[in-house]
Each structure stands twice: as C-alpha cells, then as structure tokens.
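Structure record follows, encoded as structure tokens.
Order of listing sets the numbers, starting from 1, for every ligand and every atom in it.
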Amino acid sequence: MYQKNIWEKYEDHGPIFEFNEGYKNFLTHSKNERLAVKEAIKLAEAKGFKDLKEFKTLKAGDKVYVINRKKNIALFIIGTEPLTNGLNILGAHIDSPRLDVKQVPLYESYDFALLDTHYYGGVKKYQWVTIPLAIVGVVVKKDGTVVDINIGDEPNDPVVGISDLLIHLSGEQLQKRAANVIEGENLDVTIGSIPLKDKEKDKVKENILKLLKEKYDIEEEDFLSAELEIVPAGETKDYGLDRSMVAGYGHDDRVCAYTSLMATLEIENPSRTCCCILVDKEEIGSVGATGAQSRFFEDTIATLISKTEDYNDLKLREALTNSYMLSSDVSAAVDPLFVGVNELKNSCFFAKGIVFNKYTGSRGKGGCNDANPEFIAKLRNVLDTHEIVYQTAELGKVDQGGGGTIAYILANLNMNVIDAGIAVLNMHAPMEIVSKADVYEAYKAYIAFLTDIK
Ligand code: MN
Ligand code: MN
C-alpha cells in the first residue's frame, strides 16, 4: 500500500513549519514531566481552561484541567452528551529516559566533585557520555519549600557531563559488550573542581555545597528530598538542510503529548466530552500515583460525573466502557542505516503520517493491547473523510524485540483503545528526530478523532 508523502500532499508548507515552531519551544522547556505539566497549563490557560477546583458544577462547553502531584495532567472539554455516553480520549506520556540523581549523590574524587546517578528508563548508556548535560528538577526542603533547579539550558549557564576514556587507552574497554562499555554505576556527573580554602578534606565538594547554599539556600541533606534529573542540555533544533525535521531530547513521548494537547485546545463545544491525559512513569512501567496505572484517571472521571449529574459507580463504569482512546506513543521509524530490523510492509516511515499499531508487545504480542477491528474501521473512515495521511506499523520484525505502551492499561478499564503516534528516529537517544510533516499531520488526525469518533 502506498501512503502519500505529506510534503507532497500540501502545496503550502507554511502551516507545517509554523506549527513546529510551537512544538520546538514546548520541547525545549519541557525536559521533565513537571516542566511539561507547567508548559501544558500555560498553553491551556491561554485557551480558557481552568482548574477543576474552580467549578462547583460543570456544563457543556466548560474547559477544565486537573493536575496530579505536578507530574500528570488531564484536560477536558465537557460535551453536550452525558458522560455516560463515553469520552474521546487522547493519551500520551511526558516522562523520558534520563539519568536521575541518587538520594545521596554528592562525592569528591581526585579533586573533582561528582553526582551519582541511577538511569531512568531504557538507555544505551554509551550514548550519554561526553555530551553537554543539564540538571532539572526540584529540591524540597523540610519546611516544604520547593526549590526549582534548572541549570544548563540558558545560553550563559554552565553545563555538566559524564567523562569517557580516551581512545588512546581504550584497548581493553573496547573489547567489552556495548551494554557494558559504560557501566550504570559509572554514569557519574562531573560538577566542579575548585577547592574551598580553609577546609581540611573534600574541599571541592565543600565548595559546591557553598555555591548551592548561596544560590538555592539548600544543604547536602536536602538531596534526600529532591527529584533531580540529568538531561541533555540545550535547545531543540531544526534538523536537515531543508529544516524538515526536529532534533531534540524527549520526543518520546512529548511529541505525542504536544500534538494531543494542541488538538484538544482547538476543540469548542463538542458533543462527546473530549479529554487529553498526559502521564508520567511510562518509561519504567506506568506504575505509581502519577503513572497510567494510577486510579487518578478513574477518580477524575468520577469527579466530572458528580459535577454534571447525580453520581453512582455504574455511571462511571458506563462512561469508561463507552469511551474511545488514542493511546499515543512514538513509533520506531525505518532508519536507512538499519533497515534489517524491520519487516518493511509493516513498518513506519517519516512523512507518511500518524502511525497506528493494532498491537505492540514483544515476541508473540506479549503484554499488548490488541485493538478491535471495529474501532480501526471507524478510525479509517474518519481519517479518510478528513483526507489525513496515516500509516500502520509494528515494532520491528516479529522476533526482533518489542516494547510496551500505556494502551493496555486503559483498555483494561474496558474502553476502545488503539496505539497511535509519531514516527521517531534514535528512540531513547539523547537526540531523537521526528519529521515536522508527521507532527503536523498527527495534530490534524487528533482533531478529527476528537470531533468525529462516536
Ligand atoms: Mn514512549
Ligand atoms: Mn520510550
């Protein structure tokens, strides 16, 4: 089957480039889930969304958002139909692979101060050395004060980084398996090298602590209640001489989060209630209070029902059962340098539109959501009506590997769910790549889904 190249579909590429400027800005400023939630709130409030707490009751047309522990957000536009008829839901995750700072991280070695880390999600460890890194996150002091940390992203900020052995002395290292060339315990970040005067020992570490005290009023013990992440430093950039692609950190899955969010913000007075939910912790199994497995989503729908009519549990179950969802996550695009891992009829390509995966999983579909063909047929009908370019794929050859998403978790609530998303190159690397054409076309697809699926 031939899918049209989106660049050839549109005479005028202006809207594609314009939409991607917004995305580039979002991605630059959303380097962890907390920052992504902050950016989402900013964009939503500009479109008239308000915190659900401000509403005693809800009526058709109301635009609300609910934040869960600053790391997970759900947005809704209340429809004219009752919630028991179901919702049209877009879901994506806003956490990305990175290096988390340990609870007791700071040490000195040979006149360097370093931070110990524990990587988060699936990373090829060797990709994270000798690149400029930033520190983002929060330190929460015993009195409850939350100190925001963001070092490395402003043009004049210093960066930090992880060293690697020089090639001249790497004979032994290069004999190791790629998984062990850089050991997880060696992903320690260099943060300083000036000794503090008049100190007996650990003078460099003492100097760093002095800087932290001066700038943030925090002590070494405050790392115990901190959530700090080491992420690639710098701005999202255009990629390619024709600027057709975007190079940045965390397309997985903020590219689906942004396009889902922006589509939701476009909706006015829908018949079915529209929802966009952005979750945390997908990269480590969707566990915990802010992950997709949390009761947060069900509880929030229950709250919405209670603010539109008399609540009972059966109504909540009905609302979930009658819902449709695009669970969006990036899809592995065919890379011209590594075509061998794909079965090309069932693979996705750049500029060929939003990707639908009937199933993900690994080796025999293990652990996946397997979307119903009745739902897929509905989607085909809506997308074709709107002349939206889309493709279908699976993750690599049958026995090649695999991966999971949040789709099965919401499908377990007995709603109609399919995996959708945007094709990405270099998935989980510090610099991932997407096609601007796909970003734009996914946004169009999400709008069509929200307004037309019933
Ligand atoms: Mn993902
Ligand atoms: Mn991922």
List the atom pairs, donor and acceptor, that lie under 3.5 Å between side-chain atoms in residues 47-54 and the rest of the protein, sequence neighbours left out.
unit_1 : atom_1 : unit_2 : atom_2 : d
Lys47  : NZ     : Glu266 : OE2    : 3.3
Asp51  : OD1    : Lys53  : N      : 3.0

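Between Tyr390 and Phe356, the ring-plane angle classifies as perpendicular under the 30° and 60° cut-offs.
Counting only protein N, O or S atoms closer than 2.8 Å to the Mn ion (ligand 2) gives 4.
The side chain to side chain donor-acceptor pair (under 3.5 Å) test applied to Lys454 returns no partner, not counting sequence neighbours.
Within a 6.0 Å radius of CZ in Phe375, other residues, nucleotides and ligands contribute more than 12 heavy atoms.
For residues 425-437, the set of pairs meeting the side chain to side chain donor-acceptor pair (under 3.5 Å) definition, not counting sequence neighbours, comprises Asp238-Lys436, Asp252-His428, Glu283-His428.
Exactly one residue among Asp370, Asn372, Thr392, Asp419 makes a side-chain hydrogen bond (donor to acceptor under 3.5 Å, both in side chains) with Lys358. That residue is Asp370.
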